[in-house]
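Everything on this sheet refers to the single structure shown next.
Computed from a predicted model, the values in this text were never measured in an experiment. Naming convention: chains lettered A, B, ... in sequence-line order (proteins, then strands); numbering from 1 in each chain. All values below come from the heavy atoms of this structure, side chains included, with hydrogens, waters and symmetry mates left out.
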There are 4 protein chains.
Amino acid sequence: MMAKPTTVNEFFVQSLATDNTLTVKQQQIILAAVELFAAKGFDHTTTSDIATKAGVAEGTVYKRYKTKRDILEEIMRRFVRDVVPQAAHEFVNDEWTNSHGGLHQFLVELIGNRVDFIVANFPFIKIMASEALSNAEMRNQVLSKIGVQAMGAILPHLQELRKQKQIVDWPDDMLIQFVVATMISLALRLIVDLPVADIEQQKTYMVSFLERGLAVQK
Amino acid sequence: MMAKPTTVNEFFVQSLATDNTLTVKQQQIILAAVELFAAKGFDHTTTSDIATKAGVAEGTVYKRYKTKRDILEEIMRRFVRDVVPQAAHEFVNDEWTNSHGGLHQFLVELIGNRVDFIVANFPFIKIMASEALSNAEMRNQVLSKIGVQAMGAILPHLQELRKQKQIVDWPDDMLIQFVVATMISLALRLIVDLPVADIEQQKTYMVSFLERGLAVQK
Amino acid sequence: MMAKPTTVNEFFVQSLATDNTLTVKQQQIILAAVELFAAKGFDHTTTSDIATKAGVAEGTVYKRYKTKRDILEEIMRRFVRDVVPQAAHEFVNDEWTNSHGGLHQFLVELIGNRVDFIVANFPFIKIMASEALSNAEMRNQVLSKIGVQAMGAILPHLQELRKQKQIVDWPDDMLIQFVVATMISLALRLIVDLPVADIEQQKTYMVSFLERGLAVQK
Amino acid sequence: MMAKPTTVNEFFVQSLATDNTLTVKQQQIILAAVELFAAKGFDHTTTSDIATKAGVAEGTVYKRYKTKRDILEEIMRRFVRDVVPQAAHEFVNDEWTNSHGGLHQFLVELIGNRVDFIVANFPFIKIMASEALSNAEMRNQVLSKIGVQAMGAILPHLQELRKQKQIVDWPDDMLIQFVVATMISLALRLIVDLPVADIEQQKTYMVSFLERGLAVQK
DNA sequence: GATGAATGAGCGTTCATTCAT
DNA sequence: CATGAATGAACGCTCATTCAT
């Protein structure tokens with residue numbers, strides 16, 4: 001059965017705790033920044049906010065990070081280096097990976113797991129999206145890496161299914177595009193504040209939609 | 001045949017030119033703001049930027065709009081009031097509306113038209129998305145209206161197709177969610193800077209994906 | 001019997017109406033400025049406020065008066081030239097002037113009349129006081145003239161009473177100082193927002209206090 | 001014998017020096033603000049003025065005080081909390097308090113002491129007066145406290161004198177009103193820039209006027 | 001390493017004043 | 001004479017960043 005998806009925050013705590021170049025205060029600063037950036041966005045978070053939430057002096061924030069943007073970049077670096085792989089690992093490690101259960105089961109597991117991840121980490125996803133929209137560097141450096149990692153976790157399975165002629169013979173990027181878009185459609189609803197009464201029902205429709213959209217006609 | 005979708009900028013020029021409460025300089029201010037907000041985002045655009053680009057004094061910016069945010073809201077208001085309906089009208093007026101050509105033709109026309117709109121207006125869509133992510137009021141006031149307008153243009157057709165048992169018997173919101181997500185998947189690619197070699201090819205895949213995903217099994 | 005004291009505003013209307021170098025709009029501007037300065041003070045009144053209240057365009061305000069301060073000076077000039085003499089005239093014309101009724105009646109009439117004037121014109125008095133505190137030019141040009149006028153109305157009587165040995169043989173300026181201070185004590189109460197339950201009772205005490213303070217011991 | 005009344009500025013220096021939550025620069029800011037507000041009024045003093053006079057950067061002004069008005073309120077608060085009680089204490093402690101010397105001596109001491117205070121602190125009194133005229137909150141919060149303190153120092157003596165039938169049997173508020181008005185009459189002269197040749201002579205007249213005005217007829 | 005007072009460039013905004021129509 | 005759009009200097013205030021302790 002599936003594990004409850006870990007929260008980005010928990011991943012960060014792990015990532016920071018295992019880095020012995022960071023003092024406790026520096027860890028607190030990063031964690032405070034993650035939460036504040038997620039809650040208010042990068043631009044609307046002041047270094048004073050971060051210092052206060054981290055329980056340190058304002059000068060301390062600058063001891064290790066030369067600028068506020070450096071903090072964001074450190075967060076993104078850790079996100080890409082530690083959090084995304086962890087999340088992928090968590091995802092990949094679930095039993096379905098080896099079960100070869102066909103398209104339906106693949107989708108059930110994928111959607112089931114990643115939709116929970118989206119719901120659990122929605123605030124963080126918003127900040128990533130927001131930054132990606134306004135910051136080209138972020139797009140290039142971070143999103144692409146996330147994309148690569150995500151593809152690494154999803155694409156092989158899609159390719160396998162395609163080889164088995166369970167799904168249509170479309171290019172990799174189109175398959176990924178539709179799978180991701182369908183999963184993200186839930187996040188769009190959340191952003192637009194449309195109520196999502198029943199997450200499990202959502203999952204069922206998503207699986208069904210993707211299954212019909214991708215499966216080869218019998 | 002389909003009309004070439006107009007650019008948001010052109011719609012704005014129209015919307016502003018036909019408003020005789022606005023002086024030429026005030027029109028220049030709004031147009032400058034649209035471009036700057038689209039290029040650098042709301043927060044990173046200064047009122048001095050706007051004034052300079054519009055070729056007016058900084059005080060002039062405040063003659064009609066009390067705050068910088070008022071300018072954004074004016075833009076959004078015009079977008080919702082003039083641009084979206086125009087775009088919808090343009091969309092709705094295309095012949096397919098009355099052609100009862102079935103699911104396939106509906107999707108061909110919808111995707112064909114709206115994908116071009118997305119591509120033509122991508123910079124503007126980015127502002128809307130960016131603001132929507134960080135501004136709850138904007139979500140409520142603007143996105144909801146756009147949503148209503150968009151639904152008014154799409155939903156009746158989906159309902160008709162469902163009644164004719166051409167598409168699956170899913171709730172309205174799920175049908176819309178999947179159609180919108182599929183269309184937006186292209187915008188996501190653009191945001192992530194993934195190259196889109198062939199727009200027409202994209203359209204073909206989208207139509208195909210939606211058609212398979214929604215059509216009832218024969 | 002005593003006439004009800006006219007309001008500064010009414011004096012201004014008269015002053016303006018009889019000046020045929022002023023257009024109607026210019027009169028409206030001055031009247032609007034008088035009311036706004038009295039209500040919010042000179043610094044917190046904008047030329048836009050004045051134009052709006054006067055029902056004219058902002059440029060019109062500057063047609064006759066080169067600066068905002070010019071308007072204040074015009075008001076003060078009229079106040080000194082027309083309003084104060086009128087008020088004095090109104091005061092002087094009351095019957096007591098000729099009645100030679102002695103100190104008591106003099107005080108009764110003076111206090112009775114001027115206290116009502118203070119109460120009726122309190123907002124205007126506040127602006128004069130406020131400007132006088134922060135503007136040396138105003139003090140020199142306006143207050144001194146008001147002082148001269150006021151003295152012209154009061155001092156002769158005091159001098160007469162002194163000659164008749166009804167009041168103490170103190171210098172003119174001390175007599176005026178105490179009479180004015182006693183009358184103004186009511187304005188101080190009003191400024192400090194201390195309730196003044198019974199104006200007539202106040203008058204009685206004032207008369208009594210001044211009478212005892214100034215009368216020669218029998 | 002009477003102590004020479006201290007200047008408000010000296011009281012402020014004391015009040016600030018003994019507050020160890022204030023850095024030296026913050027003290028300089030308050031002192032600079034006191035002088036500037038007194039000299040030019042609150043509205044005509046810019047934060048840049050204050051910073052320059054205090055010898056600090058403009059941002060430093062805002063480190064502790066969120067707004068310019070906060071600085072005024074801090075000044076008023078210190079005035080009420082430290083300066084007024086000190087002044088009252090200084091006043092009350094003079095020997096006359098216990099001397100039961102009758103109305104004449106009471107007035108001699110009161111006038112002698114407070115008139116010097118008024119003369120020494122005239123610039124500061126002007127700020128207070130100016131703000132009181134244009135700011136209702138200031139009136140309520142500050143003047144009322146000053147009033148209470150002042151009454152505490154004066155009223156008991158007046159009540160005692162009244163009980164002893166040395167002064168007329170008028171209500172407390174009228175007694176205070178006349179005593180205060182008489183003292184303030186000097187400030188009025190100063191405001192109007194009327195020369196006050198001989199302060200001691202002024203005091204003599206004031207004492208005499210009040211004594212005659214309030215004493216019961218023998 | 002940690003502190004927090006100090007900095008100052010830069011922002012959004014106001015408003016007295018000007019001038020072409 | 002009247003208009004009102006346009007101006008731009010100046011203000012109050014913010015906040016990322018520095019540095020002496």
Just by distance, do the side chain of B/Thr60 and the backbone of B/Val56 share a donor-acceptor pair under 3.5 Å?
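Flag not set: sc B/Thr60 to bb B/Val56 has no pair under 3.5 Å.
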Donor-acceptor under 3.5 Å (B/Gln26 side chain, B/Thr23 main chain)
yes
Test item: [X] and [Y] side chains (from C-beta on) under 4.5 Å apart, heavy atoms:
X	Y	value
A/Ile50	A/Thr46	no
A/Leu36	A/Phe42	no
C/Lys68	C/Leu72	no
C/Gln28	C/Lys53	no
A/Val34	A/Phe79	no

Nearest whole Å is fine: how far is [N] [atom2] from [X] [atom1]?
X	N	atom1	atom2	answer
A/Asp49	F/dT14	CG	C1'	12 Å
D/Asp70	F/dG12	CG	C1'	12 Å
B/His44	F/dC15	NE2	P	13 Å
C/Lys66	E/dC19	NZ	P	11 Å
B/Arg69	E/dC11	CZ	C1'	15 Å
B/Ile71	E/dC11	CD1	C1'	14 Å
A/Tyr65	F/dT18	OH	C1'	19 Å
A/Asp43	F/dA16	CG	P	9 Å

Salt bridge check, A/Arg77 against A/Asp82: does any charged N sit closer than 4.0 Å to a carboxylate O?
no
Closer than 4.0 Å, any side-chain N/O of [X] to the OP1 or OP2 of [N]?
X	N	value
D/Tyr62	F/dT14	no
A/Ser48	F/dC15	no
B/Thr23	F/dA5	no

So what does the secondary structure string of DNA chain E come out as, 5' to 3', with Watson-Crick or wobble pairs under 3.5 angstrom, [ ] for crossing and | for pairs with another strand?
.||||||||||||||||||||
Audit row: B/Gln27, B/Phe12, side chain to side chain contact (heavy atoms under 4.5 Å, CB included) steps and yes/no
CA-CA 9 Å; B/Gln27 295 177 29; B/Phe12 261 100; over 6 Å; no
Minimum-distance nucleotide to D/Thr67 side chain [options: F/dC13, E/dA16, F/dA16]
F/dC13
Quick one: on DNA chain F, does B/Gly55 or D/Thr45 contact a more 5' nucleotide (nearest heavy atom)?
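Counting from the 5' end, the first nearest nucleotide belongs to B/Gly55.
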Restricting both atoms to N or O, compile the protein contacts to nucleotides 8-10 of chain F shorter than 3.5 Å, with distance only.
residue, atom, partner, partner atom, Å
F/dG8, N7, B/Gly59, N, 3.2

Taking only heavy atoms on the protein side, list every residue of residues 24-36 of chain C lying under 4.0 Å from any atom of DNA chain F, sorted numerically.
C/Lys25, C/Gln26
For A/Phe11, is the NZ or CZ atom of A/Arg78 found under 6.0 angstrom from the centre of its six-membered ring and inside 45 degrees of the ring axis?
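Cation-pi check for A/Arg78 and A/Phe11: fails.
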Residue pair D/Thr52 / D/Asp49, side-chain donor-acceptor N/O under 3.5 Å
no
Within the 3.5 Å criterion, strictly below it, is a donor on C/Ser48 or C/Glu58 matched to an acceptor on the partner's side chain?
no
Under 4.0 angstrom, heavy atoms only, what part of the nucleic acid is B/Lys63 near: base, sugar-phosphate, or nothing?
base
